[in-house]
Amino acid sequence: MKLNEILRKNILSLQPYSCARDEFKGEASVYLDANESPFNNDVNRYPDPLQLKLKKRISELKNVPVDNIFLGNGSDEAIDLLYRAFCEPNVDNVVAMEPSYGMYKVSAAINDIDYRKVLLNEKFDIDAYKLIDASNIHTKIIWLCSPNNPTGNKLSRAEIIKTLQWFRGIVVVDEAYIDFSAEDSLLSSLSEYTNLVVLQTLSKAWGQAAIRLGMAFASNEIIDVLNKIKYPYNINILTQRHALKVLMDTETLNKHVQIILAERNTLCKALSKIDMVKEIYKTDANFVLVRVADANMLYNWLVSSSIIVRNRSNIALCEGCLRITVGTAEDNSILLQALSQFSKVLK
Ligand SMILES: *Cc1c(COP(=O)(O)O)cnc(C)c1O
């Protein structure tokens, strides 16, 4: 795959904005180049547009070179930029597995890109052949998500690899939930597949949803394109500083992941003893998809008990299903209590 052949022409020829911090990099004693306020209050200077300090820490953690890392205002920024880099509005299309994360589709619609859905099989898994079959010469991106939201399972590694090998375009694998999975990340395959983009985020296992920090890992050619088209200062300094601090503390990350995994286990066992729970799908994430007797009625009952889960019952293959995030032991026991009350009310 030649990147220049799949990039949009206007992006290929784009002369990017050059900000003050692009033109002069390094240390100086007097900065009079960016029309900033000279009065120091800790946030009066523009932040590093390429977030090097933060990327060095991520590079250590993930064992991926800095040049292969892009940071965005949430994963959602990387998703949107990938459309804008590769997909010509009204001409190109993407292929995505269904059901999966809603932003791939919304972002396609915003960018006026045809979104081609391929249903998962009965095991909620992909079939590489079906994905390729749904593509044509205008297909620029295939969206995969593993572990998948909302089904919770990881995808077959062999089918992901086949997709990477067969498809002459970008294959995005969204690993937002990888820290909860026993499966290895695809990051170790980055150098092998130049068309692979791996998405991860600080929003889930790292517990930092509010600071908005998403990571995209890919070949340095792809990362260069994303850097060229992003807003110059897309990650604010408060997020950069806070993220750096958080990323030093892997002990807390590991502790919280262990607690969530133990709670997930307890929650699933308890759910399996409840009559109206018809099926608990295998999960590699910090949530569990369950099929229940009457999803809408149960959802409303939970809302009226001030407990909010995600009603996924109107989504393809998830008929009758609720998606439940694993909370603290207390959250989960409040949920279970409400479920057993609901069973009694029904009788
Ligand atoms: C939660 C989630 C994300 C995270 O998005 P951010 O913008 O980084 O908060 C990405 N992908 C999937 C599949 C998710 O479920």
Side-chain angles (χ1 to χ4, degrees), residues 51 54-55 58 61-62 69-84 94 96-108 110 115 117 120 124-126 141-155 160 170-181 183 185-187 196-218 226 230-231 234-236 238-240 242-243 246-247 253 256-257 260 264 281 283-289 308-312 315-318 321-327:
Q51 312 100 20
L54 187 50
K55 281 181 184 165
I58 294 171
L61 274 175
K62 303 287 178 181
I69 306 173
F70 167 85
L71 299 181
N73 188 334
S75 313
D76 294 343
E77 181 180 3
I79 293 169
D80 182 61
L81 290 181
L82 287 163
Y83 278 108
R84 295 210 267 158
V94 299
M97 51 184 247
E98 178 96 353
S100 191
Y101 185 46
M103 272 312 285
Y104 316 139
K105 188 175 173 184
V106 171
S107 211
I110 292 170
Y115 186 83
K117 303 169 195 168
L120 294 172
F124 288 151
D125 210 339
I126 54 166
I141 302 175
I142 294 181
W143 294 98
L144 304 177
C145 183
S146 181
N148 186 36
N149 177 5
T151 57
N153 60 297
K154 60 178 192 266
L155 303 178
I160 296 176
I170 304 290
V171 178
V172 181
V173 182
D174 188 340
E175 294 187 337
Y177 300 97
I178 194 69
D179 300 295
F180 301 107
S181 173
E183 182 83 315
S185 164
L186 268 166
L187 285 179
L196 171 64
V197 176
V198 174
L199 300 181
Q200 293 188 6
T201 178
L202 261 64
S203 296
K204 305 289 156 61
W206 285 98
Q208 304 298 318
I211 73 167
R212 311 306 302 132
L213 193 76
M215 303 170 272
F217 303 90
L226 297 180
K230 75 183 182 69
Y231 288 164
N234 63 327
I235 309 295
N236 73 69
L238 302 177
T239 292
Q240 291 191 40
H242 184 80
V246 166
L247 288 170
L253 170 80
H256 286 173
V257 167
I260 296 288
R264 181 177 82 187
Y281 294 97
T283 175
D284 295 285
N286 65 333
F287 58 84
V288 55
L289 189 74
I308 315 301
V309 298
R310 199 79 196 265
N311 188 350
R312 303 279 76 181
I315 282 187
L317 304 186
C318 296
C321 288
L322 301 179
R323 192 194 71 191
I324 303 171
T325 306
V326 178

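Ligands are counted one by one from 1 in listed order, and the atoms in each one are counted from 1 as well.
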**Student:** Which of the numbered atoms in ligand 1 are below 4.0 angstrom from a heavy atom of Lys204?
**Tutor:** 1 (C), 2 (C), 3 (C), 4 (C), 14 (C), 15 (O)
**Student:** Hey, is ligand 1 close enough to Asn73 that some N/O pair sits below 3.5 Å?
**Tutor:** no
**Student:** Measuring from the heavy atoms of Arg212, does anything fall under 4.0 Å of ligand 1?
**Tutor:** yes
**Student:** Need the ligand 1 atom indices (1-based, order shown) with element for anything under 4.0 Å from a heavy-atom of Cys145.
**Tutor:** 13 (C)
**Student:** Taking Tyr177's backbone N and O only, do any of them form a donor-acceptor pair with Asn286's side chain (distance below 3.5 Å, no angle check)?
**Tutor:** no
**Student:** When you measure from the side chain of Glu183 to the backbone N and O of Ser181, does any donor-acceptor pair fall under 3.5 Å?
**Tutor:** no
**Student:** Just verifying a value: how many Å separate Ile170 CD1 and Ile142 CD1, rounded to the nearest 0.5 Å?
**Tutor:** 10.5 Å
**Student:** Quick one: pull up CD in Gln240 and NZ in Lys55 and give me the separation to the nearest 0.5 Å.
**Tutor:** 9.0 Å
**Student:** Could you tell me which residues satisfy side-chain hydrogen bond (donor to acceptor under 3.5 Å, both in side chains) with Thr325, sequence neighbours excluded, listed by chain and number?
**Tutor:** none
**Student:** Under the ring pair (Phe, Tyr, Trp, His ring centres under 6.0 Å) rule, collect the residues that match up with Tyr115, sequence neighbours excluded.
**Tutor:** none
**Student:** Using a 4.0 Å heavy-atom cut-off, say whether Glu77 meets ligand 1 through its side chain, its backbone, both or neither.
**Tutor:** neither
**Student:** For Phe287 and Phe180, I'd like to know if the aromatic rings sit close, meaning centre-to-centre distance below 6.0 Å.
**Tutor:** no
**Student:** Counting heavy atoms only, which of Thr201, Asp76, Asp174 is nearest atom 10 (C) of ligand 1?
**Tutor:** Asp174
**Student:** Provide the number and element of each atom of ligand 1 under 4.0 Å from a heavy atom of Ala176.
**Tutor:** 2 (C), 3 (C), 10 (C), 11 (N), 12 (C), 14 (C)
**Student:** For atom 15 (O) of ligand 1, which candidate among Tyr101, Tyr104, Tyr177 holds the nearest heavy atom?
**Tutor:** Tyr177
**Student:** Any atom of ligand 1 sitting under 4.0 Å from a heavy atom of Ala209?
**Tutor:** no
**Student:** Which of the numbered atoms in ligand 1 are below 4.0 angstrom from a heavy atom of Ser203?
**Tutor:** 6 (P), 8 (O), 9 (O)
